[in-house]
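Numbered from 1 within each chain, the chains take letters A, B, ... in sequence-line order.
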Number of protein chains: 2
Amino acid sequence: MATPHTHTHDHGSWNTHAADALARKGTRRSSARDAVVTAIAAQDCCASAQEIHARLRTDGSTVGIASVYRTLELLHGMGLVTRIDTGDGVARFEPTHPGGEHHHHLVCTSCGAVEAFHDDALEEAIHRIADRVDFRVDAHDVALRGACRACR
Amino acid sequence: MATPHTHTHDHGSWNTHAADALARKGTRRSSARDAVVTAIAAQDCCASAQEIHARLRTDGSTVGIASVYRTLELLHGMGLVTRIDTGDGVARFEPTHPGGEHHHHLVCTSCGAVEAFHDDALEEAIHRIADRVDFRVDAHDVALRGACRACR
DNA sequence: GTTTACTTGATAATGGTTATCATTACCGCG
DNA sequence: CGCGGTAATGATAACCATTATCAAGTAAAC
């Protein structure tokens with residue numbers, strides 16, 4: 001049930017999903033935002049604002065770091081992006097897939113590597129908690145910390 | 001099974017547990033460290049370094065903020081304290097109870113309030129994942145995010 | 001008591017994130 | 001089409017939690 005999560009999502013689908021949501025919200029179209037959205041769509045796992053910015057600049061874009069943070073904040077507020085805190089003081093982001101399926105993370109405390117995994121029993125347990133508790137649960141995240149294969 | 005977690009731990013037991021562990025490690029006794037350990041022992045849930053420092057200063061202590069961070073780092077490295085990242089860029093800490101029993105957190109994304117809960121099925125699911133994955137899992141944490149009763 | 005080196009508290013430095021602000025450019029309206 | 005209001009941008013300063021530095025203090029071994 002706990003799989004290594006070898007999925008390869010259709011990046012394009014999230015890209016258009018996000019573009020539609022932004023249009024529906026009435027935001028203006030801009031090259032900076034487009035570039036950031038496209039960059040996020042291309043990610044396989046989470047990336048920090050700085051990493052996204054660096055990749056964009058390497059590819060010739062002139063987006064400012066502020067626009068990357070602004071776009072991430074906007075997308076996060078709209079639920080289009082999931083924020084992951086691995087505990088090193090850096091926020092990482094990855095696309096939120098519309099179907100609701102998602103994964104969680106194994107964080108190596110020695111080298112900082114992040115791997116993804118998915119587990120149905122875990123999701124089930126969390127949903128049951130959400131139903132039972134006096135709290136409206138919108139999202140959840142799980143991090144398992146330890147040593148990856150290489151660091152062990 | 002998912003309880004509101006109304007436990008009232010014996011603060012003194014963790015206090016002596018921590019003091020013993022520090023003595024065994026061979027650290028020197030100091031008033032600053034004692035003060036921080038006592039403050040942590042008195043917490044019901046997680047608190048940030050700054051909060052701990054503020055409380056100590058209010059109570060007349062002269063501990064410097066650096067000593068609070070240093071002590072937290074030391075205790076965390078010894079597994080005596082658990083670090084929680086609620087996603088607001090501030091690390092929070094709470095005593096790790098020797099029995100291994102622990103709780104997780106409900107984080108209100110609008111007011112920042114943090115509540116604790118415990119769930120056996122969740123722990124069970126996580127242990128099964130830990131056994132199955134190619135990763136040595138030392139710790140785990142779960143955060144459910146949403147709106148608390150007051151903010152809903 | 002002396003010595004050694006662990007600790008401390010104040011403060012400077014670091015680095016991710018946010019706020020500011022003048023400028024640019026989208027887009028609805030005439 | 002061209003104008004005007006204003007969202008959005010990019011550079012940069014400000015912010016703030018956390019870390020590193022360092023001279024002074026102090027616990028513990030001898």
Side-chain angles (χ1 to χ4, degrees), chain A residues 18-19 21-40 46-78 81 83-93 109 112 114, chain B residues 18-19 21-40 46-78 81 83-93 109 112 114:
Chain A
L22 287 168
R24 222 172 7 253
K25 190 181 167 70
T27 62
R28 283 190 191 162
R29 199 83 187 286
S30 81
S31 60
R33 200 126 72 194
D34 283 354
V36 175
V37 169
T38 302
I40 293 169
C46 51
S48 69
Q50 316 255 3
E51 285 165 356
I52 292 169
H53 182 241
R55 184 159 2 116
L56 287 169
R57 298 296 275 235
T58 300
D59 294 354
S61 170
T62 60
V63 272
I65 185 73
S67 288
V68 176
Y69 279 108
R70 276 189 291 244
T71 303
L72 286 170
E73 183 186 0
L74 175 66
L75 296 175
H76 185 237
M78 296 174 69
V81 129
R83 175 182 168 146
I84 292 114
D85 291 282
T86 61
D88 61 352
V90 182
R92 287 155 198 283
F93 300 85
T109 48
V114 177
Chain B
L22 286 169
R24 223 171 6 255
K25 189 179 168 72
T27 61
R28 281 191 193 161
R29 200 84 188 288
S30 79
S31 61
R33 201 125 71 194
D34 282 355
V36 175
V37 169
T38 302
I40 293 168
C46 51
S48 70
Q50 314 259 2
E51 284 166 355
I52 293 169
H53 182 241
R55 184 159 4 114
L56 286 169
R57 297 297 276 234
T58 299
D59 293 353
S61 171
T62 61
V63 272
I65 185 74
S67 288
V68 176
Y69 279 108
R70 276 189 291 244
T71 303
L72 286 170
E73 183 185 0
L74 175 66
L75 297 175
H76 185 236
M78 296 174 68
V81 130
R83 175 182 167 146
I84 291 114
D85 291 282
T86 60
D88 60 353
V90 182
R92 288 155 199 283
F93 300 85
T109 49
V114 178

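When the side-chain nitrogen and oxygen atoms of Tyr69(A) are compared with OP1 and OP2 of dT18(C), none of them lie within a distance under 4.0 Å.
In summary, of the residues considered (Thr27(B), Val68(B), Val63(B)), a side-chain contact (heavy atoms from CB on, under 4.5 Å) with Arg33(B) occurs for Thr27(B) alone.
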Check nucleotides 12-14 of chain C against the protein and report each pair of N or O atoms closer than 3.5 Å, with its distance, or say if there are none.
none

Atom pairs under 3.5 Å, N or O on each side, protein against nucleotides 20-30 of chain D: can you list them with distances?
unit_1, atom_1, unit_2, atom_2, d
dA27(D), N3, Arg28(B), NH1, 3.3

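Summarising the geometry of Ala39(A) relative to Arg55(A), their closest heavy-atom pair is O-NH1, 3.6 Å, with the distance given to 0.1 Å. Across Cys46(B) and Val114(B), no two heavy atoms sit closer than the pair SG-CG1, 4.0 Å. Closest non-hydrogen pair, Thr86(A) versus Arg92(A), comes out as OG1-NE, 3.8 Å. Nearest heavy-atom pair, Ala35(A) versus Leu56(A), reported as atom, atom and distance to 0.1 Å: O-CD2, 3.7 Å.
The closest side-chain heavy-atom distance from Met78(A) to Leu22(A) is below 4.5 Å. Looking only at side-chain heavy atoms (C-beta outward), Asp85(B) and Arg83(B) come within less than 4.5 Å of each other. Contact of the Val90(B) side chain with the Gln50(B) side chain is not registered, since no non-hydrogen atoms from C-beta on lie closer than 4.5 Å.
Other residues, nucleotides and ligands contribute only 12 or fewer heavy atoms inside 6.0 Å of the CD atom of Glu73(B). Counted within 6.0 Å of CZ on Arg29(B), heavy atoms from surrounding residues, nucleotides or ligands total 12 or fewer; the atom is thus considered open.
The CG-C1' distance, from Asp85(B) to dA17(D), rounds to 12 Å in whole Å. Taking atom CD on Glu51(A) and atom C1' on dG15(C), their separation rounds to 15 Å, with Å as the unit. To the nearest angstrom, P of dA7(D) lies 11 Å from CZ of Arg33(A). Rounded to an integer number of Å, the gap from His53(A) NE2 to dG15(C) P is 17 Å. As a whole-Å value, the separation of Gln50(A) CD from dG10(D) P is 15 Å. In this structure, His76(B) atom NE2 and dT19(D) atom C1' are separated by 16 Å, rounded to whole Å. Asp34(B) has its CG atom 12 Å from the P atom of dG9(C), to the nearest Å. In this entry the distance linking CG of Leu74(B) with C1' of dT18(D) reads 17 Å, nearest Å.
Comparing Arg83(A) and Val68(B), the nucleotide of DNA chain C nearest to each residue sits closer to the 5' end for Val68(B). Taking the nucleotide of DNA chain D with the nearest heavy atom to each of Phe93(B) and Thr71(A), the more 5' of the two is matched to Thr71(A).
DNA chain D lies under 4.0 Å from at least one heavy atom of each of the following residues of residues 56-65 of chain A: Arg57(A), Thr62(A), Val63(A), Gly64(A).
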TODO: Dump the intermediate steps for side chain to side chain donor-acceptor pair (under 3.5 Å) on Asp59(A) and Ser61(A), then the final yes or no.
DONE: CA-CA 6 Å; Asp59(A) 294 354; Ser61(A) 170; over 6 Å; no
